[in-house]
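Atom set for the values below is all heavy atoms of this structure, side chains included, hydrogens, waters and symmetry mates excluded.
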Amino acid sequence: MFLLRVWTFFCLSVNKCLFSFFQDANLSIHTDNPDLTPCFQNTILAWIPSIYLWTALPFYLLYLKRSKRGYIVLSMLSRFKTLFGVLLWCVSWADLFYSFHELLQSRTPPPVYFVTPLVIGITMLLATLLIQYERLRGVQSSGVLIIFWFLSVLCAVGPFRSKIINLKTIALVLKFRSATFYIYFVLLIIELILSCFKEKPPFFSPASADPNPSPELTSGFLSRLTFWWFTSFAIRGYKKPLEDKDLWSLNEDDVSKNIVQKLKNKALKEDVTYRKKSNHALNHVGDGPEEAEVLIRGKRHNRKPSFLKALLRTFGPYFLIGSFFKLIQDLLSFVNPQLLSVLISFIKNKDAPTWWGFLIAALMFTCTVLQTLIVHQHFQYCFVTGMRLRTGITGVIYRKSLVITNSAKRSSTVGEIVNLMSVDAQRFMDLVAFLNMLWSAPLQTCLALYFLWQALGPSVLAGVAVMVLLIPFNSAVAIKTRAFQVEQMQYKDSRIKLMNEILGGIKVLKLYAWEPSFSEKVLEIRKNELRVLKKSAYLNSLSNFAWTSSPFLVALTTFAVYVLVDERNTLDAEKAFVSLSLFNILKFPLAMLPQLISNIAQTSVSLKRIQQFLSHDELDPNCVERNVIAPGKEFGAVLHACFLHSINLLVPSGALVAVVGHVGCGKSSLLSALLGEMEKLEGEVAVKGSVAYVPQQAWIQNATLKDNILFGQAPNEQKYQNILEACALKADLEVLPGGDHTEIGEKGINLSGGQRQRVSLARAVFSSSDIYLLDDPLSAVDSHVAKHIFDQVIGPDGVLKGKTRVLVTHGIGFLPQVDHIVVLADGKISEMGSYQELLKQNKAFAEFLRNYALDENIEEDELTILESKRERFFPNGSVALTRQLSVISSEGGECPSKMSLYQPALDILQVKLTVFWQYMKAVSPVISLIICFLYCCQNAAAIGANVWLSDWTNEPVINGTQHNTSMRIGVYAALGLLQGFIVFVSSFTLAMGGINAARKLHAALLENKFHTPQSFYDTTPTGRVINRFSKDIFVIDEVIPPTILMFLGTFFVSLSTMIVIIASTPLFAVVIVPLAVLYFFVQRFYVATSRQLKRLESVSRSPIYSHFSETISGTSVIRAYQREKSFIDISDRKVDENQKCYYPSIVSNRWLGIRVEFVGNCIVLFAALFAVIGKSSLNAGLVGLSVSYALQVTLALNWMVRTTSDLETNIVAVERIKEYSETETEAPWIIEDKRPPADWPSRGELEFVNYSVRYRKGLDLVLKDLNLQVHGGEKIGIVGRTGAGKSSMTLCLFRILEAAKGEIRIDGVRISEIGLHDLRSRLTIIPQDPVLFSGTLRMNLDPFNKYSDEEVWKALELSHLKKFVSSQPSMLEFECSEGGENLSVGQRQLICLARALLRKTRILILDEATAAIDLETDDLIQMTIRTQFEDCTVLTIAHRLNTIMDYTRILVLDNGTIAEFDTPTNLIASRGIFYGMAKDAGLA
């Protein structure tokens, strides 16, 4: 009942006081010394803070209940705050008791003296309790209370002034209340000041023991509101280059692991609901989750679980907080036009008291400051959401790539998947920032139209009509842009995919001199890509035209209709400029909507791509049963995969089983099936125990050698040393500079093929698994090493005895020692049994053995046949890089624990003007000047139109009408349309210039990368080069031109604003200097920090993609060892490292925005103030013009710094591309005046004269003073231990390595004097690693289309591929997948042989080309070489001595020098090094 009375009293008081406020307008408003009525002071003004606090309370308590941060120990600050809170309560109730005292004394005070102290007292008590409750909930600084104290002080200022003015007239009775009020006012100020300080961090808080926590978590409310906590970081970035250690750790909510977990949970919910529906739809009766899993993967129904819904559920709620801020900001943005209207009326009214003007100026300033603070909170929420989105999408894609089937993996290449991570995830991030415009734009439009209607009446409808007409135009442009976007993405994908392959096989391209063909292919795709970009540029220019002209056209039609409809409608300053500032507000939503729509269009394309990738089939985790099969048996398989038919195989526990067969008969597929990597069509596979897998091509991580072997297992030094010994790695470790702490480059680049394979084997042995699947691990190592490894590791007495081992092998020397042999032919098991049994069966296998094992006695030594060493990028790379690394370590004094291959050069200097100049040169300096000139014209036209309007509004009104209206409208229209036209021309010119620059820069980069020496690729991760071709080229294509457009636009708008304000109020010039200084200062601080953050961010981005492509190539190994989880952790860590650089850059934008907009707000304040001061000399039109321009400038200033910074950060892409376009190049491909004769080399003679070579400057020589002569037609075998310099010799012939001194002559011609292509195209090599490119088989054999189909078929016949190729439906047009994945390694090797047969030059180099080939095929190859290259000079690097025993001479290299060089017979007779090797191989 009491509350009801209070409420009734409250309502009556409010009405009464408002009435008195307006009734006493002479006291409050129309006076030079204004004051508020006592009634108004004691009710409405006194209650505002209380109403605010009680309204906010329930929401705030809910928030506090949810946030757990531990409690804060009672501090002095907290005690003081509480003490003053209690005092405030006492003071308020002292007033209340005084009123009761008066009542007792029969003086009846008005009810307000009871209600107000009561309400204020209870509110103060509440605030005091809240201080303590917040302390217990761990709140260090309370926004709610700061606002409350601020409001209280604000509302007490009026009464305080009043009481001071009326000091002399206060009655004795009121003295007590005045005294309490003064005390109350002082206490309020103290409380406000105290509340601005923050408490100590909470006790027992879950904050981790973070070395470098973000100060954001512990910063106060005001610091968070203005982003003041970031200032120290901005200063640090300005003073010195930022490094990793300067960056703050991520907040818990932004950490990859947590985000992806949340997203996966939501996606799972989405999955479950979807599963229920689909189960229901199919009446599916499952017997467990596995059934449902399979069902989800089935392709029988259209609706897939929506990834979009999962994203919305995960990130939506946080994003909505930002939307709420946006709503408030939108409403606030309409206050200033109303204030402008009041200001213009004030200027017109010459009798108005001056304080009105100052109040209006102050209100304008306050309103803009509030807007600034709120809009940046909104952006902060949006950008953080975007950042989390990217993290989530990256994490989900990474996790998915670990479980997709191999067929699915083939359908999207590494390049495409990396693109999903980089480009598509980025699209989401960019969209989120402006997503709120979807509802905000229509809201702003409606509000603006409402206020315009108030000013101009129905004429606004004409303007609306123009807008409505523009919408279909804009959306048509957006739809078309989207179509172009899709087309361009396809070109971009195929370009990146091709580049990825080219960089992967760059060495082969160099050896074959195939660069021009591939360069043409890339440029062809690029041409199409730029063609699409050009079309987009036309559209963008149109939409820019529409953007600039739409607000103007709307204003023009509205004013024209308004003036022409009725001649009594006059256009005065108030109507014109208030309408203009409303049209300016309209400009942003109208501009953003089409852009947003096209962004949404692009993002929906990206969403589809991501959704498609995420819905790829996954490997069935249950296709291999892990349960027990039968006692004593280890695993069995009944398989019917598409490649393997009706396999029945049971391997007993602890057995050693060899799998043999021709190339491509399904040996590796059998192991894949046992790992669960093949799609099982019927039957079952069961494996008992853990599995270790050694793939045919060793997969090595970019980590230290030791980490590669341990592979996440706990270290055990004794066991580790034994394994190094058994795998023959001890000797290699002595050569490596950091020992087992040497960092191995990407794809194991600084290890030879044999070393990589042994590391891969050591990893398997160390894992102590139950089952070992070994896919031909001995093919890549020397014969004596192979024997050592078989005896020590794989064989019956090796480390693995008692374990189950399945060994795929081509070496028949080991077969007698194995328990079972499985012979595969065409995907079926043709025979099975022990060695003796198979010999007795006398079938194909026995026949095969008889051919190859001619002498039963030397079975043991037949080992040689196995031998050959394979290596991917860098033959003898171990030598080169170890030398380079030892140089590093010797400089450091002692060998650091971790030798790193490369550290990206993080250039920390300021972006030099030269980079801008380089870009301008690429655009063309003339065009650059024309663009600037056009921008000047465009702004001159815009100012002209507005000045004309201002002049028009000042035209006197005679008899209620204005004269010359049609002339006024005509000139205004002409100026406005001229501006629109110039915008169209300038944006088109700029876009063309941008495309021109993009073409030049990409061409230069590509040209340089094809001419770059091989050594660059050996030390630079592919990921980093690819990053230049994808991310940086994307920036140059699509980011820099619009940024420049934006920069020029904002720069000229800001400039024209200054000109207009100074012209109308010259006093403003005084303020402009300090404001410019402040602006410049903030801008420099920001740009320095922001650019370094951007650089750190892009440097930390590469490792994410490098690690990702590394993971994709090693998924089968990772899955076999069940290491998915730790790889996911590594990926998450790398993403977090990247976000650690990205998050401060988001905050730096907010930090900057608030400070720069403050400068803009000051401009508004001073423009209004000077207008008020110079009121007597100014007309309304000029004031309207200058203030409406000032209101515009805040946005322009902010965008100008942002675009300056964006420009500086993005122009880094030009710098990065320039850096890679200017790396050192190899010799010219063709030297016109030094071209050798067409038939050169006709004899095939080779001569090395005092020849020495090193890999790079500053490293030791690899070959020292070689002197040798090879006659035409000789067959030379080159042998030597690992690292003796055999491969280096072949590289020297092709000038992959250039001579340190001496020379090589071929047929008397010095090879150092002719062009590289003339040299390389006249030699033929069959390299160690067969590299194929995706494309047709014919393209892989003959990229230049030099040869006829008959010649190609002839080569295929000689290389024994004719049968395979003719069995393919598309024959020569057979599509090879990326890296030739759809062919076996043996078939790829045969294709390399076919290439050699096609070229058929006088000199052939064989670099151990027979690694992964079974003996029969090997024999065929040797036969082909002997017959087809009979009259050629053949150099063979061989470990398998039996292949070269019939050669003319044999060259034995040792440590880079010639140890022996003679015929095989003489060498064996002389009992030197060669004799020892032959003896090991059982040939002597």
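One side chain, Asn1250 or Asn1267, offers a donor N or O that lies under 3.5 Å from an acceptor on the other. If you check the side chains of Asn1008 and Thr1223, you find a donor sitting under 3.5 Å from an acceptor.
Annotation: side chain to side chain contact (heavy atoms under 4.5 Å, CB included) contacts of Ala1299 (sequence neighbours excluded): Tyr1251. Remark: Arg1310 pairs with Glu1303, Glu1313 by the salt bridge (charged side-chain N to carboxylate O under 4.0 Å, His left out) rule, at least two apart or across chains. When the side-chain hydrogen bond (donor to acceptor under 3.5 Å, both in side chains) test is applied to Glu1350, the partners found at least two apart in sequence or on another chain are Ser1348. Phe1364 meets the ring pair (Phe, Tyr, Trp, His ring centres under 6.0 Å) test with Phe1374; sequence neighbours excluded. By the side chain to side chain contact (heavy atoms under 4.5 Å, CB included) test, Thr1427 pairs with no residue at all, sequence neighbours left out. Partners of Pro1013 according to the side chain to side chain contact (heavy atoms under 4.5 Å, CB included) rule, which considers only residues two or more places apart in sequence or in another chain, are Ser1015. Looking at residues two or more places apart in sequence or on another chain, you find no salt bridge (charged side-chain N to carboxylate O under 4.0 Å, His left out) involving Asp1307. Legend: residues meeting side chain to side chain contact (heavy atoms under 4.5 Å, CB included) with Arg526, ordered by chain and number and at least two apart, are Arg495, Glu529, Leu530, Ala998, His1002, Ile1033, Asp1037. Residues passing the side-chain hydrogen bond (donor to acceptor under 3.5 Å, both in side chains) test with Glu1247, sequence neighbours excluded: none. Under the rule for a salt bridge (charged side-chain N to carboxylate O under 4.0 Å, His left out), the partners of Glu1274 that lie at least two apart in sequence or sit in another chain are Arg1449. Judged as a salt bridge (charged side-chain N to carboxylate O under 4.0 Å, His left out), and not counting sequence neighbours, the contacts of Glu1245 are Arg1243.
Nearest approach of Cys1292 to Ile1311, heavy atoms of both residues: O-CD1, 3.8 Å. Across all their heavy atoms, Leu1323 and Thr1401 have their closest contact at C-OG1, 3.5 Å. Across Gly1244 and Thr1433, no two heavy atoms sit closer than the pair O-OG1, 2.6 Å.
The pair Lys510-Glu1226 meets the salt-bridge criterion, since a charged nitrogen lies less than 4.0 angstrom from a carboxylate oxygen. Using a 4.0 Å cut-off between a side-chain N of Lys or Arg and a carboxylate O of Asp or Glu, Asp1446 and Lys1275 do not qualify as a salt bridge. Asp493 has no carboxylate O lying under 4.0 Å from a charged side-chain N of Lys497, or vice versa, which leaves the two without a salt bridge. Note on Lys1234 versus Asp1318: no salt bridge recorded, every NZ/NE/NH1/NH2 to OD/OE distance being 4.0 Å or above. No salt bridge links Asp1239 with Arg1402; every basic N to acidic carboxylate O contact stays at or beyond 4.0 Å.
A cation-pi geometry, defined here as NZ or CZ lying under 6.0 Å from the six-membered ring centre and within 45° of its normal, holds between Lys1009 and Phe1016. Under a cutoff of 6.0 Å and an axis angle of 45°, Arg1028 and Tyr1220 form a cation-pi pair.
Looking only at side-chain heavy atoms (C-beta outward), Leu1006 and Leu523 come within less than 4.5 Å of each other.
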For residues 514-521, which side-chain donor-acceptor pairs fall under 3.5 Å, sequence neighbours excluded?
| unit_1 | atom_1 | unit_2 | atom_2 | d |
| --- | --- | --- | --- | --- |
| Glu515 | OE1 | His1317 | NE2 | 2.6 |

